[in-house]
Amino acid sequence: MPRLAFAIALSLLIGQSAAAAAPASQPTQTWELTGPGEFKQVQSPDTQPIANPTLDKVEQLLVHHRFNSARKIVLDWLKHHKDAPDRDRALFLLAEAYDQYGDRIRAFYHLDELLDTYPESRLFYPALEKQYEIGDAFLRGYRRRFLGLPILTSEDEGVEILYRIQERSPGSPLAERALLRTADHYFASSDFDLAFDAYASYARSYPRSPDIPRVRMRQALSSYAQFRGLLFDATPLIDAKAQLEDIARNYPELAAEENVPDVIERINRSLAGKIYRTADFYVRTHDPRGAVYTYRYLIQTYPETREAVLARNKLERMPAWALTEPGPSSALDSLPDSTTRPATRAAELPSVPREVR
């Protein structure tokens with residue numbers, strides 16, 4: 001939501017200004033653990049907001065988007081009040097001024113200073129939310145200024161910002177949003193290897209999220225998209241098939257909406273084509289025994305494919321002695337469910353007898 005962080009923080013700051021005129025509250029009594037079973041009564045510091053007419057004026061200027069005037073005032077105030085107790089408020093306002101101007105990198109770094117220097121500030125989470133908005137804007141195509149002109153793309157900076165948010169607030173709702181936003185960005189940018197890893201990380205970290213069905217679907221599609229053709233490794237196809245079959249079992253409505261059965265059928269045809277090429281390789285290298293074994297495996301595993309029909313025709317031309325060799329005992333069982341990429345899935349392909357390898 002645009003301007004969400006500033007709206008939250010502004011409500012806090014207005015509350016501060018309204019409360020500033022009230023009498024200072026008495027320090028509250030708290031208890032501090034000093035040892036096993038030992039507590040000591042201590043006074044907490046006075047948390048009453050501090051009156052600051054200068055920063056109040058900056059707020060009003062930013063409300064009316066007069067960011068240049070606001071920036072000059074708050075910069076001068078920060079220069080002369082390096083140890084002020086409300087310096088966190090000034091840093092947040094300065095970041096907002098740069099954000100309105102269009103220099104979101106500067107805005108990000110002033111928010112970073114706030115987060116590093118004042119981790120107990122009431123503006124900590126609004127500043128983190130503001131950084132998320134900046135990172136999201138970069139991923140949506142926002143351009144940084146160069147020589148005063150917005151001409152530089154900043155997608156890499158956006159990903160880095162979202163990553164740092166996850167480091168600052170691990171396990172928080174904002175960290176969850178940042179990880180999912182990063183994965184969606186990679187998917188939309190066709191960086192499917194990075195998208196696969198990001199979705200897998202999300203599924204591991206937030207298994208109870210309501211977004212898990214969509215995440216699992218995009219993870220499977222990211223794996224499928226990495227298959228480069230019949231001449232290349234079939235592992236991405238095998239992974240995608242296992243994940244899509246799991247989605248079909250556990251999320252039938254999503255599977256119907258996304259035409260998962262059709263995708264699985266296309267994967268089966270690709271795998272059948274891959275196996276058919278393997279069998280043809282044995283034919284070209286004058287290894288009828290290996291060819292017969294592989295053709296039979298293809299027919300047994302993918303009997304409805306066009307390649308299975310071709311394999312039956314090829315078997316009729318094989319030498320009689322090769323046809324007497326034992327074939328595969330049964331079609332390969334379904335692969336187990338997996339949300340992460342295994343090192344290999346070599347067992348998916350037919351196991352050719354050692355003497356013909």
*Judged by modelled atom types alone, do Y199 and D184 share a side-chain donor-acceptor pair under 3.5 Å?*
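Short answer, yes.
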
*Please determine if R269 forms a cation-pi arrangement with Y302, meaning its NZ or CZ atom is less than 6.0 Å from the six-membered ring centre and no more than 45° off the ring axis.*
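That pair does not qualify as a cation-pi contact.
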
Treating [X] as the side-chain partner and [Y] as the backbone partner, does any N or O pair qualify as donor plus acceptor under 3.5 Å?
| X | Y | answer |
| --- | --- | --- |
| R296 | L323 | yes |
| Q226 | S222 | yes |
| S223 | Q219 | no |
| T182 | A178 | yes |
| S169 | S172 | no |
| Q100 | L62 | yes |
| N52 | L55 | yes |

*Provide the full list of ring-ring contact (aromatic ring centres under 6.0 Å, His included) pairs with a residue in residues 225-245, sequence neighbours left out, each pair given once.*
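Passing the test, one end in residues 225-245: no pairs.
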
Should [X] and [Y] count as side-chain neighbours, where that means a heavy-atom distance under 4.5 Å?
| X | Y | answer |
| --- | --- | --- |
| R312 | P303 | yes |
| I247 | P213 | no |
| Q243 | R216 | no |

Salt-bridged, [X] to [Y], with N to O below 4.0 Å?
| X | Y | value |
| --- | --- | --- |
| R122 | D88 | no |
| R104 | E133 | no |
| R249 | D246 | yes |
| R71 | D103 | no |

*Can you sort out the partners of Y206 under ring-ring contact (aromatic ring centres under 6.0 Å, His included), two or more places apart, ordered by chain and number?*
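Expected list: Y202.
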
*Each residue besides Y163 in its hydrophobic cluster should be listed here, by chain and number; the cluster joins Ile, Leu, Val, Met, Phe, Trp and Tyr at side-chain heavy-atom distances under 4.5 Å.*
none

Contacts of type side chain to side chain contact (heavy atoms under 4.5 Å, CB included), residue [X], not counting sequence neighbours:
| X | result |
| --- | --- |
| D233 | T235, P236 |
| L310 | Y276, R306 |
| A107 | A95, Y98, D99, I134 |
| A322 | P288, V292, P319 |

*asked:* Membership question, hydrophobic clusters at under 4.5 Å side-chain separation (ILVMFWY): are L230 and I275 in the same one?
replied: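 In one cluster with I275: L230, yes.
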
With [X], which residues qualify under side-chain hydrogen bond (donor to acceptor under 3.5 Å, both in side chains), at least two apart?
| X | value |
| --- | --- |
| D136 | R140, R181 |
| D191 | none |
| S270 | none |
| N313 | none |

*Between F192 and F187, ring centroids under 6.0 Å*: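 Yes, they do, as the ring centres are separated by less than 6.0 Å.
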
*What are the two closest non-hydrogen atoms of A220 and A240, and how far apart are they?*
O-CB, 3.5 Å

Please set out all donor-acceptor pairs under 3.5 angstrom arising from side-chain atoms of residues 110-119, sequence neighbours excluded.
residue: D112; atom: OD1; partner: Q131; partner atom: NE2; Å: 3.1
residue: D112; atom: OD1; partner: R168; partner atom: NH2; Å: 3.0
residue: D112; atom: OD2; partner: R164; partner atom: NH2; Å: 2.3
residue: D116; atom: OD1; partner: R168; partner atom: NH1; Å: 3.2
residue: D116; atom: OD1; partner: R168; partner atom: NH2; Å: 2.7
residue: T117; atom: OG1; partner: E113; partner atom: O; Å: 2.8

